[in-house]
Number of protein chains: 2
Amino acid sequence: MAGVSRTTVSLVLNNVRSIQISPETRQKVLDAANELGYVPDATAQALARRRTKLIGLVLTRTQHHIATDAFLPRIISGLLTSAKKQNVRILVDWMETEHPDSAYFELARAKRIDGMILSTPRLDDRALKALEKVDVPTVLMGKIDGLNLPFIDVDNLKAAEKATAYMLELGHRAIACISSAPREYTATPERVGGYQNALTKAGIPINENLIRYADFDPKSGYDCMQSLLQSGESFTAVFVASDNVAIGAKAALREANLRVPDDISLVGFDDIPWAQYSDPPLTTIKLPAELLAQSACELLLDLIQDGNAGQSHQMVLDTELIIRKSCKPL
Amino acid sequence: MAGVSRTTVSLVLNNVRSIQISPETRQKVLDAANELGYVPDATAQALARRRTKLIGLVLTRTQHHIATDAFLPRIISGLLTSAKKQNVRILVDWMETEHPDSAYFELARAKRIDGMILSTPRLDDRALKALEKVDVPTVLMGKIDGLNLPFIDVDNLKAAEKATAYMLELGHRAIACISSAPREYTATPERVGGYQNALTKAGIPINENLIRYADFDPKSGYDCMQSLLQSGESFTAVFVASDNVAIGAKAALREANLRVPDDISLVGFDDIPWAQYSDPPLTTIKLPAELLAQSACELLLDLIQDGNAGQSHQMVLDTELIIRKSCKPL
DNA sequence: ACTCCTTACTAACGCGTGTTACTAAAACGT
DNA sequence: ACGTTTTAGTAACACGCGTTAGTAAGGAGT
């Protein structure tokens, strides 16, 4: 070093205001640090400060569903920009759903991260209840009613209702629904519920045979659509609650020689990059993914800083129906 | 604790073999740890062991290109499985290309990570040369000729040649090429080079006017295809060096009332999930993304453990041409 | 009875930083 | 001239673990 104590260096580099350092020594320290190319050891800082400056993004899905998720890049992108702005880094982890309760805590208990964002939580996940009582700042990306955890989500119900209402306006009456994921995932009942609400408001009875539950990926969409086509039920429009699933659903329609929108109208959900370039361009619900991720990140950092300071940190974002060319008046 | 020293606990929990512990005390320690729900503090371990058990995935792209990258999920999925197997975690970071040389080192210098994987490196990146001399285990996902850094990549040249040769076999002679990314990215010259090789071997002169450089996302593919169509050049087939770019390219063809494969044959690259469900199913080069990521991870962990133990850690994986229905004999 | 080895454990230090309590010197006030 | 405050800096401890060197107890050998 250059002529000063370790403590002084720490005080200068961290710009501690509650203490006085003469401008000259301050400059001497800065010069020395610069010349030596000194970078504080992040691990040691974390140990001393009891903050790792790391937040975890925990994906509650199988490996295969992560690999085929066309939505994930937007979440990561949003998270990265928001994190960089706040000088925090992102740790990605993944959890097979079969794991026991303790799985969520591996990261947190070891204090590897300061807090975490849980993507696509499941309703049947018992560990979530435990999270309420444990002191790990957590933000859910997905609303769960029973729990009192902070969450951020879009208004899935309203969005699905909007999408379905649009097809109703065009005169469709026999409208099928393919959900984005199995029932256990929180968005599923909301989106299917919104679809059902719209039908009910239009005085149309709900036909359970027109509802299918996909499993995130295009293949499941393909299977669901085939199942619908083979069910014998007739329909002129389909609400597919995930663009990624719609990719497969459209393939099934094509194989059955049905054309979009001439034979079947289609509305998707998410507005992944593919949607506007598909044939025909897909009418879909635009989900503000980057904003969602950024808000989740900021919410989490608030929680980490202020503790759980009173107010319930829960946000619901709005969505927009993007009308393209996959629907046609009946 | 339950009747024993801190040292003994450490020895038991880490299963240190070079030292003797009686089975009874061992069990006592394990029982106590279990009851207390003791989890070692990861930060403190990292400080003492000088290993963070974290590896960085550094993306050299803009925020927008990350958000629209249909290929990223497969990389992350592969990395996650491989990392979990080795009890290591993944830190995702991102770097705008304009940053100065030091940018790569922020993570490494602060010893936040044990090593890093660099995705889609750029040829013009001067910082890479600095990496050679710095003691940070690094694996490049993408081959760079001048450097002596460990890398893992697919044989882009051979793959592109294979794709182009396939169209030549079908009788096409006027074959255009849309690259996946700007020239600065390492895969670009290789893939375009493979395309040119195939033409040359078939005795066809290379027409520079039939080559376009896209920029990762569907929109750039759309623009490139439009540019080709408006150039006045005539062609019957196109090699698009990225499925993600092909999404947009197909949209441009459709708008020009050209049909695939009747009017234009198309071969893609990557085999993203969308490819097999597109209309028509896209013939493409299947890139083993998960394997690529896993190999990169294992390579990196080897480097971290053994230091740079002699042998040049460089791997080139093979690809496969998946023939679907987007090409037609001329 | 003494040395020598083995077994089973622990004291003490180090990892690289943040932070608190304290001190020495200088400046100030009467 | 003396007490009091301010200024500028540092020593020492803490963070929670890994690890090395060392020790006490017990057994074996002569």
Side-chain angles (χ1 to χ4, degrees), chain A residues 1-34 36-54 87-89 105-114 135-136 304-305, chain B residues 1-34 36-54 87-89 105-114 135-136 304-305:
Chain A
M1 318 218 189
V4 88
S5 85
R6 220 168 48 65
T7 305
T8 309
V9 176
S10 174
L11 294 177
V12 170
L13 294 183
N14 290 322
N15 239 322
V16 177
R17 301 183 185 291
S18 61
I19 236 166
Q20 310 274 7
I21 301 281
S22 77
E24 305 136 33
T25 26
R26 180 179 298 272
Q27 195 54 49
K28 254 191 292 182
V29 170
L30 291 176
D31 287 348
N34 220 318
L36 269 66
Y38 172 78
V39 177
D41 184 299
T43 306
Q45 279 189 328
L47 186 60
R49 289 188 169 140
R50 261 153 280 173
R51 281 284 149 80
T52 62
K53 294 263 193 182
L54 269 178
N87 197 27
V88 162
R89 293 260 158 54
F105 307 130
E106 283 186 33
L107 285 174
R109 291 283 285 282
K111 282 169 197 149
R112 197 180 261 290
I113 55 176
D114 293 336
D135 194 25
V136 183
I304 292 171
Q305 276 215 327
Chain B
M1 317 217 186
V4 89
S5 84
R6 218 169 49 66
T7 304
T8 308
V9 174
S10 174
L11 294 177
V12 169
L13 294 184
N14 291 323
N15 238 324
V16 177
R17 302 186 184 288
S18 62
I19 235 165
Q20 310 274 7
I21 302 280
S22 78
E24 305 138 33
T25 26
R26 181 178 297 272
Q27 195 53 48
K28 253 191 292 183
V29 170
L30 291 177
D31 287 348
N34 221 319
L36 268 66
Y38 173 77
V39 177
D41 183 299
T43 305
Q45 279 189 326
L47 186 60
R49 289 187 169 139
R50 261 153 279 173
R51 282 283 150 80
T52 61
K53 294 263 193 181
L54 269 179
N87 198 26
V88 163
R89 293 259 157 58
F105 307 129
E106 284 186 33
L107 285 175
R109 290 283 286 283
K111 283 171 195 148
R112 198 181 259 291
I113 55 175
D114 293 336
D135 194 24
V136 183
I304 292 172
Q305 275 214 329

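Note on naming: letters A, B, ... go to the chains in the order of the sequence lines (proteins, then strands), and numbering restarts at 1 for each one.
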[atom1]/[X] to [atom2]/[Y] distance, rounded to the nearest 0.5 angstrom?
{"X": "L30(B)", "Y": "Q27(B)", "atom1": "CG", "atom2": "CD", "answer": "5.5 Å"}
{"X": "D114(B)", "Y": "Q305(B)", "atom1": "CG", "atom2": "CD", "answer": "10.5 Å"}
{"X": "K111(A)", "Y": "L47(A)", "atom1": "NZ", "atom2": "CG", "answer": "10.0 Å"}

Hey, does [X] reach any base, or is it just sugar-phosphate, or nothing, if we go heavy atoms under 4.0 Å?
{"X": "S22(A)", "result": "sugar-phosphate"}
{"X": "I21(B)", "result": "sugar-phosphate"}
{"X": "S10(B)", "result": "base"}
{"X": "T25(B)", "result": "sugar-phosphate"}

Between the first and last five pairs of the helix from dA1(C)-dT30(D) to dT30(C)-dA1(D), the angle of the axes, rounded to 10 degrees:
60°
Output yes when a side-chain donor or acceptor of [X] lies under 3.5 Å from a complementary backbone atom of [Y], and no otherwise.
{"X": "T52(A)", "Y": "R112(A)", "answer": "yes"}
{"X": "N14(A)", "Y": "V16(A)", "answer": "no"}
{"X": "R109(A)", "Y": "Y38(B)", "answer": "no"}

Verdict with supporting geometry, S5(A) and T8(A), side-chain hydrogen bond (donor to acceptor under 3.5 Å, both in side chains):
CA-CA 5 Å; S5(A) 85; T8(A) 309; 3.0 Å; yes
In whole angstroms, how far is the [atom2] atom of [N] from the [atom1] atom of [X]?
{"X": "L36(B)", "N": "dC17(D)", "atom1": "CG", "atom2": "P", "value": "12 Å"}
{"X": "R6(B)", "N": "dT19(D)", "atom1": "CZ", "atom2": "P", "value": "12 Å"}
{"X": "R51(B)", "N": "dG18(D)", "atom1": "CZ", "atom2": "C1'", "value": "14 Å"}
{"X": "L13(B)", "N": "dG16(D)", "atom1": "CG", "atom2": "C1'", "value": "13 Å"}

Comparing nearest nucleotides in DNA chain C, the 5'-proximal residue of the pair P23(B), A44(A) is P23(B)
Could you please name the option among dG18(D), dT10(D), dG16(D) that lies closest to any side-chain atom of D41(B)?
dG16(D)
Just wondering, do [Y] and [X] contact through their side chains at under 4.5 Å, heavy atoms?
{"X": "L54(A)", "Y": "R89(B)", "value": "no"}
{"X": "D31(A)", "Y": "K28(A)", "value": "no"}
{"X": "R51(B)", "Y": "I304(B)", "value": "yes"}

On a heavy-atom basis, which atom in Q45(B) and which in P40(B) lie closest, and how many Å separate them?
NE2-CB, 3.4 Å
Any N/O pairs under 3.5 Å between the protein and nucleotides 20-25 of chain D? List them or say none.
none

Using a cut-off of strictly less than 4.0 Å, decide whether Y38(B) has a side-chain nitrogen or oxygen near OP1 or OP2 of dC17(D).
yes
Could you tell me from which nucleotide to which nucleotide of DNA chain C, 5' to 3', there is an atom under 4.0 Å from chain A heavy atoms?
dG16(C) to dT20(C)
